[in-house]
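What follows is one structure encoded as structure tokens, with my remarks underneath.
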Amino acid sequence: MSEMITADLVDLDLSADTKEAAARALAERMVALGRVTDLEGFLADVAAREAQMPTGLDGGIGIPHCRSEHVTEPTLGFGRSAAGIDFGAADGPADLIFLIAAPAGADDAHLTILSSLARKLMNAEFTDGLRAVGDTEGAAALIRGDDRPAPAGTPAETAATVDAADAPGPEASDSPAGSTVPTGSTDSVAVPVAASTGTATGTADDGSTGAGTRDAGTSDADASGGSARPFRIVAVTSCPTGIAHTYMAAESLENAGREAGVEIAVEPQGSAGFTRLDPAVIAAADGVIFAHDVPVREKERFAGKPTVDTGVKAGINRPAELIDEVRGKAARGEATAAAAPGDNPVDRAGEPGEGYGTKLRKWLMSGVSYMVPFVAAGGLLIALGFAIGGYEINEAPSVMERFVWTQTDSWGALLFQIGGVAFGFLVPVLAGYIAYGMADRPGLVPGFVGGSISLTINAGFLGGLVSGLIAGAVVLAIQRVHIPVALRGIMPVVVIPLISSAVVGFLMFVVIGKPIAEAQKAMTDWLNGLTGTNAILLGTLLGLMMCFDLGGPVNKVAYTFATAGIAVASPSDSAMKIMAAVMAAGMVPPLAMALATTVRGKLFNRTERENGKAAWVLGASFISEGAIPFAAADPLRVIPASMAGGAVTGALSMAFGATLRAPHGGIFVVPLIGNPLLYLVAIAAGVCVTAALVIVLKGLRKPVPGAGGAPGSEGAAASAAASKQPVAA
């Protein structure tokens, strides 16, 4: 790690009192050395990573980090705070702060070195040494792992313990009692391993091995001195950036495994890539731990085993509890398939306080997120078909029977029919991925079957929602049945799809399908009957929902409600009015923020003014998330103002009778809108209301550091961070 940290990048008297100030202080040192080219841009990337998950760890450690295009070479800054800085750890402030800066295109070797630091942080002797070291050069040397005498005041054994080897060490092998083997980290901290515990096979791209586990070929007697073999666990760790938490969780689980006397092989799936655990090791495992905040890759490898699924921080902070939990599940014979990547299955340990309401929302959002691209593609193709061929194009014969290259009607019919096919997938995709969010890949087949049946019996979107939830629940119920080891291999591909599809099909066709279809028809009739005041009130409500969380769950509920009405070949006039109101309201927040930064730029800092320029395009494109940077920096002013403008626009759009056949497109589909001029008036009115309210509310507050263009505003980094991830509304 000799080139990644020097004495110039160490501050042993860090005076910052907030995590933003600490990151800025260390980042300024990187800028001074030419390691970072754009301070504000880099800090925005750091804040974006911090927004995904706090980077504070138990034990007084803060590790803000990111991959950024503003970083020229992998760099590490270290600060020591006497007062402590809050990085969101459960046990209080951090006094050891590491700022990790990785280039956007960092190669595997550099990321491997960064991962070695993450593993070192789980070594108490290493962190104790950093707290005791008295000079910046000594601190840099300790972090690099230089083979040099310990600085004054540092425990003598600390410098010797932390190996200087940054490159992956040799693959571990079984060792006799009293010997030492690498722990699996790239820094190769040597620890004693008893004869009862061997080492795992396979070396990861990050240089780690599944420490604490023996080779699958080692006999039980050899591994345990003649007694019964120890409990075996395989684990996967991953985090959004794949640099720090991934490897710290791996190290923590390995250490806890050794203390508990179990064999544990960990597969860190980091940015440097990963090497899959040996299939024999997985097959011999008694349980599985997933400590992850991004989807586990190739999760099906672990199907049929007792599984604990939780966040990556739990793997760092409470590994012993996770080990006890998976041992308990194994003792009870709970053989489960791998849990849904990125979501929370029913048996996931989850973070404290997470209830079924939260899980249900995530399952439904999983289905909606996969459905939205079909909505956008199919809806826009249908709208273009109408625009080219006229509103009678839905009666055109199949283009397989008649297609004339020189006639616009034929091209209109082609686009309309392609869009119709895409729309035909909406309900099956919604149901399939709701089930996928609950039960992973085994839920796809019954989910898609249930969604297709919903279309067959005219149960529509309500049927898709219900059938998806039923499919996921049926699969989870099947997975809880104790299955002999010999049959586990065919469960995900034969038994589960067969039984679950039959159960879902029976329920949808015979039991609940007809009531759901009647409820869907009643809702459609109600929409068709909306006129006058009722329509305006509905437009107001939808406008409020679209602007409440700017692309979040409430926004998506309103959007899905609107698209459900037009997801047919011949949508009703009321359904098209609802779609128009929803899209108009969703355009208001970013356009209003863009206008406000243009009219009264002094009320916004420099980063916000730059975001305002991008918000013009995002708002015009119906990407509500363009206002998130402003809402993140000042939610109490921006969100209420946005909701007020959205309500005005939704109400006016419904009052003007504007209609829209396309589910997306923003200003670019105005030619497809009924009453386009009044539609634009409705949008302009809402934009003016929101912009005016934001300007008034911001004008009433006292000046804060960073306003008026100063780069030091604490909200600037957070607001820029949020703008990194616009998602189509």
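The first residue in the sequence is number 1, and the count goes up from there. Not measured: the values here are computed from a predicted model.
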V234 side chain reached by F302 side chain, heavy atoms, under 4.5 Å
yes
Kindly say whether G464 contributes a backbone atom to a donor-acceptor pair with the side chain of S467 at under 3.5 angstrom?
yes
So, the side chain of H65 versus the backbone of I63: is there a donor-acceptor pair under 3.5 Å, distance only?
yes
For L476 and M438, run side-chain contact (heavy atoms from CB on, under 4.5 Å): C-alpha distance rounded to whole Å, both residues' side-chain angles, the deciding distance at 0.1 Å, then the answer.
CA-CA 8 Å; L476 289 172; M438 296 177 67; 4.2 Å; yes
Regarding R276 and E267, does a basic nitrogen lie under 4.0 Å from an acidic carboxylate oxygen?
no
Rounded to the nearest 0.5 angstrom, the CG-CD1 distance for L465 and I470 is 11.0 Å
Applying the side-chain contact (heavy atoms from CB on, under 4.5 Å) test to C66, which of I100, L99, V46 qualifies?
V46
Which is it for L322 and T310 under the side-chain contact (heavy atoms from CB on, under 4.5 Å) test, yes or no, and what are the steps along the way?
CA-CA 9 Å; L322 302 183; T310 186; 3.8 Å; yes
Can you measure from OH (Y247) to OG (S238) and round to the nearest 0.5 angstrom?
10.5 Å
Between M508 and S454, what is the shortest heavy-atom contact and its length?
CE-OG, 3.4 Å
Please report the closest heavy-atom contact between V504 and A471, naming both atoms and the distance.
CG2-CA, 3.7 Å
Taking everything shown except F231 itself, do over 12 heavy atoms lie less than 6.0 Å from its CZ?
yes
Is the shortest heavy-atom distance from the side chain of P103 to the side chain of S68 under 4.5 Å?
no
So does E263 pair up with R258, basic N to acidic O under 4.0 Å?
no
Atom pair CD/OG1 of E325 and T307 - distance to nearest 0.5 Å
10.5 Å
Kindly indicate, with the supporting measurements, whether the criterion side-chain contact (heavy atoms from CB on, under 4.5 Å) is fulfilled by V288 and V326.
CA-CA 7 Å; V288 181; V326 76; 5.6 Å; no
Once the angle between the rings of F126 and F98 is folded into 0 to 90°, is it parallel (under 30°), tilted (30 to 60°) or perpendicular (over 60°)?
parallel
Do you know which two heavy atoms are closest between A89 and G56, and how far apart they sit?
CB-C, 3.7 Å
Determine the minimum heavy-atom distance between F87 and G62, stating which atoms define it.
CG-CA, 4.1 Å
Quick one: does R49's side chain have a donor or acceptor within less than 3.5 Å of a partner on D45's backbone?
no
Using the test salt bridge (Lys or Arg N to Asp or Glu O under 4.0 Å), find all partners of E321 that sit at least two apart in sequence or belong to another chain.
R318
Is there a side-chain contact between W363 and Y433 (heavy atoms, below 4.5 Å)?
no
Looking only at heavy atoms, which two atoms of P268 and T246 are closest? And how far apart?
CB-CG2, 3.8 Å
Would you confirm whether S252, through its side chain, and G315, through its main-chain N or O, come within 3.5 Å as a donor-acceptor pair?
yes
Is the shortest side-chain heavy-atom distance between H292 and D309 below 4.5 Å?
yes
Distance col, row F423:CZ vs L455:CG, nearest 0.5 angstrom, shows 12.5 Å
Using the side-chain contact (heavy atoms from CB on, under 4.5 Å) rule, take F425 and M371 through it: C-alpha gap first, then chi angles, then the decisive distance, then the call.
CA-CA 8 Å; F425 285 97; M371 182 194 71; over 6 Å; no
From the list I434, L426, V427, side-chain contact (heavy atoms from CB on, under 4.5 Å) partner of L430 resolves to I434
Roughly how far apart are F448 CZ and I453 CD1, rounded to 0.5 Å?
13.5 Å
CD1/I323 to CD1/I233 distance, rounded to the nearest 0.5 angstrom?
5.0 Å
Heavy-atom pair of closest approach, residues L253 and P319:
CD2-CB, 3.8 Å
Under 4.5 Å between any side-chain heavy atoms of V475 and S500, yes or no?
yes
Taking the side chain as every heavy atom from C-beta outward, state whether Q479 and P442 have any pair of such atoms under 4.5 Å apart.
yes
Y436 and Y370 aromatic ring geometry - parallel, tilted or perpendicular at 30°/60° bounds:
perpendicular
Heavy-atom donor-acceptor pair, K305 side chain to I282 backbone, under 3.5 Å
yes
